[in-house]
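Shown next, in structure tokens, is the structure this report addresses.
Labels below follow one simple rule: chain letters A, B, ... track the order of the sequence lines, proteins then strands, and each chain is numbered from 1. Because only heavy atoms are used, hydrogens play no part in the values below, and waters and symmetry mates are left out as well, while side chains stay in.
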Amino acid sequence: DSGVTQTPKHLITATGQRVTLRCSPRSGDLSVYWYQQSLDQGLQFLIQYYNGEERAKGNILERFSAQQFPDLHSELNLSSLELGDSALYFCASSVGPGGTGQGEQYFGPGTRLTVT
Amino acid sequence: DAKTTQPNSMESNEEEPVHLPCNHSTISGTDYIHWYRQLPSQGPEYVIHGLTSNVNNRMASLAIAEDRKSSTLILHRATLRDAAVYYCILSADNYGQNFVFGPGTRLSVLP
């Protein structure tokens, strides 16, 4: 158990809908990262927040947005869902802001999103 | 972004050492080398990271070539639980931590 929690575990929804995925980082961790893992694209970094501020951005679509709240939990909002958005979405956390010297990210169990 | 190249798959026998190679010929001077692994149906798990010197921890050892263009993750005694996909990653920037995961190496451990 990494200490990172994600809810829900599974989510099934229809195309065009909007969903919110939730992540609670490990106690004391200030950074939260979101990743998408699909069969054809592998594990892709989406976005990082550090202490409430956006820190790094990856291949995140405009239809997707995220935020980190004062209690440090984070939400990933996915809107206008398409079939291709079906994937595993992982949240990770780390103590610091990242940067090349800091190695450990702790990953949650993931949310499996199925868009029908 | 500096990229890494790993073999698609490797096999090992249980209780034997495993050497997982990674090539990163375009690594920059400030890039750290990170290794993560993903067990079936789980999120990735941190294994080890380093910059220039070899590193050891309870899980594995990381051997980094002198020119830093390649590295090797060493599992000293493979167990069945070590069967996973192993990812070698270089840090993409100095500000945040934008990991670029490649396809990794799928390690099978034979009993």
Toward chain B, the part of A:Gln6 with a non-hydrogen atom under 4.5 Å: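 Contact with chain B is absent: no heavy atom of A:Gln6 under 4.5 Å.
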Contacting region of A:Tyr50 [heavy-atom separation from chain B under 4.5 Å]: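 Neither part, no heavy atoms under 4.5 Å.
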By salt bridge (charged side-chain N to carboxylate O under 4.0 Å, His left out) - contacts of A:Arg63 (at least two apart):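 Partners of A:Arg63 by the salt bridge (charged side-chain N to carboxylate O under 4.0 Å, His left out) criterion, ordered by chain and then number, come out as A:Glu82, A:Asp85.
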B:Phe99 ring center within less than 6.0 Å of A:Tyr33 ring center: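 Ring centres of B:Phe99 and A:Tyr33 not closer than 6.0 Å.
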Ring centre gap for A:Tyr35 and B:Phe101 strictly below 6.0 Å: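 Close enough - the centres of the two rings lie under 6.0 Å apart.
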Residue that, paired with B:Leu73, satisfies side chain to side chain contact (heavy atoms under 4.5 Å, CB included) out of B:Leu20, B:Leu107, B:Val18, B:Thr105: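 So the option named by the test is B:Leu20.
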Residue B:Pro44 versus chain A: region with a heavy atom under 4.5 Å: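 Both the backbone and the side chain of B:Pro44 come within 4.5 Å of chain A.
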